[in-house]
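Please read the structure below before turning to the comments.
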Amino acid sequence: MGRLAELLEPSRLKRSAAALIVILVVTLGALAMRATIDVEAARHEVEAALGTLTGRPIRLQGSSSVRILPWPSVRYFDVTLSDTERTFARMGELDADLDVAALLLGRLRPTEILLARPEILVTGDLPLPSVATIAAWLARLGTTSIVVEKGRIAFAGSSGEEILDGVDARVSWPRPSANVVARAAFRWRGESVTVEAETPSPATLLAAGSGPLGLRLGSGPLRLGLAGTGGLLSQTRFQGTVDIDVSDAARFARWTGRPRVPDLLAGRLRLDARAAVDATGATLPTVRVELAGNKGEGALTWRWDQPRSRLAGTIAFTDLDLASDRRRPFASGWRALPLGGDEPGPDFDLRLSTPTLRLPGAVLTRVAAALHIADGRLHAEIGNAEYLDRPLSLVVRGRLDRDGLQAQVRGTGEDLPLAPLSALVDVPGLEGGRASAAIEAETHCADLGACLPGLGGRLSVEARAVTVTGASPFADISRFR
């Protein structure tokens with residue numbers, strides 16, 4: 001054993017010496033590399049990277065230090081970021097990891113920039129970038145990752161301030177040919193939100209090419225998913241699938257403030273579609289919708305290449321229930337839905353059909369309806385429907401302006417049984433007979449709930465074989481002559 005130990009001893013000494021030499025070389029290399037890192041040059045590189053990311057000239061201020069291990073980096077403390085006009089971000093720490101290969105060639109290039117506990121202010125006076133501006137920004141973008149830890153972002157505009165708290169985010173582009181990937185988690189208006197997005201590389205986008213595109217947003221009241229291919233300058237901006245799931249419409253409205261009418265929608269709302277998007281609009285050739293349990297299928301198009309956007313399409317429901325509490329997609333706030341106003345909304349050309357439409361107190365069958373709104377003119381029509389197995393029709397034509405809706409209403413019902421009608425309108429005493437009715441009236445209303453009470457005009461009724469018993473069959477119809 002003694003002989004073996006004597007033979008092994010030189011090998012141990014050699015390994016120890018080699019380890020010491022490696023440590024010495026690394027230390028000397030680190031000291032040499034540290035000496036080659038110009039803090040001010042690194043500051044300018046970080047400013048350029050952040051300026052490219054934001055599209056604005058950035059000035060970074062704060063004390064600094066250089067760190068070599070475990071990775072060469074420059075760290076700044078008590079940082080402020082400003083442009084030519086204002087300070088828009090403050091943070092406790094900014095850490096920029098440097099590219100070792102670039103350092104060996106005598107250059108400084110940040111590979112990852114970490115913003116620790118930043119407080120960022122985004123003002124609403126910045127114009128929306130054009131496609132050409134975005135393309136120029138992508139051309140300058142370098143393969144740098146931006147990381148935000150425990151940030152706070154405030155968006156200040158004319159309507160107030162919106163705040164994202166607890167922001168943890170990463171935007172990474174590891175290689176020129178790789179996709180740009182962004183992930184973020186934050187809290188907004190009391191709800192936790194996660195976002196994941198993926199786009200083709202800037203080189204692919206600038207070559208008018210296309211690549212994988214994806215977006216996933218998750219929160220309590222809303223889940224949104226897009227998956228497909230597309231490009232910023234390609235003819236088809238996006239082609240793939242769209243899935244929008246509002247698990248609780250009332251909670252979504254309280255969270256986002258949309259729609260602006262309180263308690264307008266209720267229940268679960270979902271849209272699942274295939275979509276193709278170009279510079280002029282979106283086409284959804286296959287659409288599946290669910291409104292509080294009412295399911296339908298159809299096709300939609302949305303155009304935004306005109307001064308007023310336009311939504312058109314057809315939806316066929318298997319059954320549409322607007323009466324029961326469980327399946328009614330509208331809450332009590334529908335009465336306050338404004339009509340007209342100073343800011344005109346989009347145009348519509350929609351068609352709806354369903355074998356059964358359940359309304360409070362009545363059931364219509366074989367319903368085909370249409371809604372057309374263009375340039376402030378409204379045309380709504382139930383051109384084909386049946387009530388108690390007898391045909392009905394209703395047409396509303398009018399104009400939407402800043403004072404609301406001014407419309408003419410015309411409707412007809414043929415050979416209707418009187419007994420069920422008397423129960424519907426609460427007129428006692430009619431136990432038999434049939435009637436045909438026609439109405440020609442006008443209404444002027446600022447919101448949807450005021451249209452029916454504001455109705456006035458002519459109602460004509462032709463009754464046959466009427467059986468009257470009990471109380472008086474007359475009701476208050478003083479608004480008609």
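- For the pair Asp243 and Arg270, the salt-bridge criterion is met [side-chain N within less than 4.0 Å of a carboxylate O].
- Each disulfide (SG to SG under 2.5 Å) pair with one or both residues in residues 434-465, not counting sequence neighbours, appears once here: Cys445-Cys451.
- Contacts of Asp245 classified as side-chain hydrogen bond (donor to acceptor under 3.5 Å, both in side chains), with partners at least two apart in sequence or in another chain: Arg268.
- Around the CZ atom of Arg390, the shell of radius 6.0 Å holds more than 12 heavy atoms that belong to other residues, nucleotides or ligands.
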Just list the side-chain donor-acceptor pairs under 3.5 Å for residues 370-384, sequence neighbours left out, or say none.
unit_1: His379; atom_1: NE2; unit_2: Glu381; atom_2: OE1; d: 3.4

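- For the pair Arg351 and Asp349, the salt-bridge criterion is met [side-chain N within less than 4.0 Å of a carboxylate O].
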Before giving the answer on side-chain contact (heavy atoms from CB on, under 4.5 Å), spell out for Val147 and Glu112 the whole-Å C-alpha distance, their side-chain angles and the decisive distance to 0.1 Å.
CA-CA 7 Å; Val147 180; Glu112 181 175 291; 3.8 Å; yes
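- Inter-residue side-chain proximity for Leu284 and Val242 is flagged as unmet; no heavy-atom pair is nearer than 4.5 Å.
- Every side-chain contact (heavy atoms from CB on, under 4.5 Å) that Leu265 has, sequence neighbours left out, goes to Ala249, Pro259, Leu269, Phe330.
- Under the 4.5 Å side-chain criterion, counting only non-hydrogen atoms from C-beta, Val409 is in contact with Leu455.
- Atom CZ in Phe317 sits 9.0 Å away from atom OG in Ser353 (nearest 0.5 Å).
- To the nearest 0.5 Å, the span separating CD on Glu462 from CD on Glu414 amounts to 9.0 Å.
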Evaluation steps, side-chain contact (heavy atoms from CB on, under 4.5 Å), between Ser309 and Trp302:
CA-CA 7 Å; Ser309 62; Trp302 180 21; 3.6 Å; yes
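- In this structure a side-chain-to-backbone donor-acceptor pair under 3.5 Å is present from Ser247 to Gly220.
- For the pair Ile315 and Leu350, the minimum side-chain heavy-atom distance is 4.5 Å or more.
- Judged by distance alone, the side chain of Thr354 and the main-chain N or O of Leu357 form no donor-acceptor pair under 3.5 Å.
- Put simply, the side chain of Ile163 reaches to within 4.5 Å of the side chain of Asp165, judged on heavy atoms.
- Interatomic distance, His444 NE2 to Leu339 CG, rounded to the nearest 0.5 Å: 10.0 Å.
- For the pair Asp415 and Arg464, the salt-bridge criterion is met [side-chain N within less than 4.0 Å of a carboxylate O].
- The two residues Ala184 and Ala169 come nearest to each other via the heavy atoms CB-CB, 3.8 Å.
- With sequence neighbours left out, Ala185 forms a side-chain contact (heavy atoms from CB on, under 4.5 Å) with Thr194.
- When all heavy atoms are compared, the tightest approach of Val193 to Ser219 is CG2-CB, 4.2 Å.
- Residues Leu94 and Ile113 are in side-chain contact: their nearest non-hydrogen atoms beyond the backbone lie under 4.5 Å apart.
- Scanning for ring-ring contact (aromatic ring centres under 6.0 Å, His included) contacts around Trp334 gives an empty result, with sequence neighbours left out.
- Applying the side chain to side chain donor-acceptor pair (under 3.5 Å) test between Asp347 and each of Arg303, Arg308, Arg310 identifies Arg308 as the sole match.
- For the residue pair Trp188 and Trp255, the shortest heavy atom distance occurs at O-NE1, 2.8 Å.
- Taking Ser460 as the reference, nothing meets the side-chain hydrogen bond (donor to acceptor under 3.5 Å, both in side chains) condition, with sequence neighbours excluded.
- If you take CG on Leu115 and CD1 on Ile120, they are separated by 6.0 Å, rounding to the nearest 0.5 Å.
- Here the closest non-hydrogen pair linking Tyr387 and Leu392 is CB-CD1, 3.3 Å.
- Residues Phe238 and Thr241 come closest through the heavy atom pair CZ-O, 3.8 Å.
- Comment: Arg152 does not engage Glu119 in a salt bridge, judged by the lack of any side-chain N to carboxylate O separation of less than 4.0 angstrom.
- Rounding to the nearest 0.5 Å places CG of Asp403 at 5.0 Å from CG of Asp401.
- More than 12 heavy atoms of other shown residues, nucleotides or ligands fall within 6.0 angstrom of atom CZ in Arg434.
- Salt-bridge check for Glu149 with Arg170: failed, with every basic side-chain N at 4.0 Å or more from each acidic carboxylate O.
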Hey, mind stepping through Arg90 and Val79 against side-chain contact (heavy atoms from CB on, under 4.5 Å) and telling me if it holds?
CA-CA 6 Å; Arg90 300 180 186 274; Val79 175; over 6 Å; no
Given side-chain contact (heavy atoms from CB on, under 4.5 Å), test Leu215 with Val195 step by step and report yes or no.
CA-CA 7 Å; Leu215 173 64; Val195 179; 4.0 Å; yes
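- Other residues, nucleotides and ligands contribute over 12 non-hydrogen atoms within 6.0 Å of the CG atom of Asp305.
- Taking CD1 from Ile146 and CG from Leu114, the interatomic distance works out to 10.0 Å, rounded to the nearest 0.5 Å.
- A salt bridge (charged side-chain N to carboxylate O under 4.0 Å, His left out) check over residues 180-193, counting only residues at least two apart or in different chains, returns the pairs Glu162-Arg189, Glu191-Arg251.
- Every side-chain contact (heavy atoms from CB on, under 4.5 Å) that Asp447 has, sequence neighbours left out, goes to Ala450.
- A 6.0 Å sphere centred on CZ of Arg327 holds more than 12 heavy atoms belonging to other residues, nucleotides or ligands.
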Before you tell me yes or no, could you show the steps for Asp319 and Arg358 under salt bridge (charged side-chain N to carboxylate O under 4.0 Å, His left out), namely the whole-Å CA-CA distance, both residues' side-chain angles and the distance that decides it to 0.1 Å?
CA-CA 8 Å; Asp319 180 70; Arg358 305 178 190 278; 3.6 Å; yes
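- Closest approach of Arg117 to Gly92, counting heavy atoms only: NH2-CA, 3.8 Å.
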Could you check Thr412 against Ser393 for side chain to side chain donor-acceptor pair (under 3.5 Å), going step by step and ending with a plain yes or no?
CA-CA 5 Å; Thr412 60; Ser393 66; 2.7 Å; yes
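- Evaluation of the side-chain hydrogen bond (donor to acceptor under 3.5 Å, both in side chains) rule for Ser172 yields no partner, not counting sequence neighbours.
- Counting heavy atoms from C-beta on, the side chains of Leu217 and Leu222 come closer than 4.5 Å.
- In this structure Glu198 satisfies the side-chain hydrogen bond (donor to acceptor under 3.5 Å, both in side chains) test together with Asn179, sequence neighbours excluded.
- When the side-chain contact (heavy atoms from CB on, under 4.5 Å) test is applied to Thr286, the partners found at least two apart in sequence or on another chain are Arg288.
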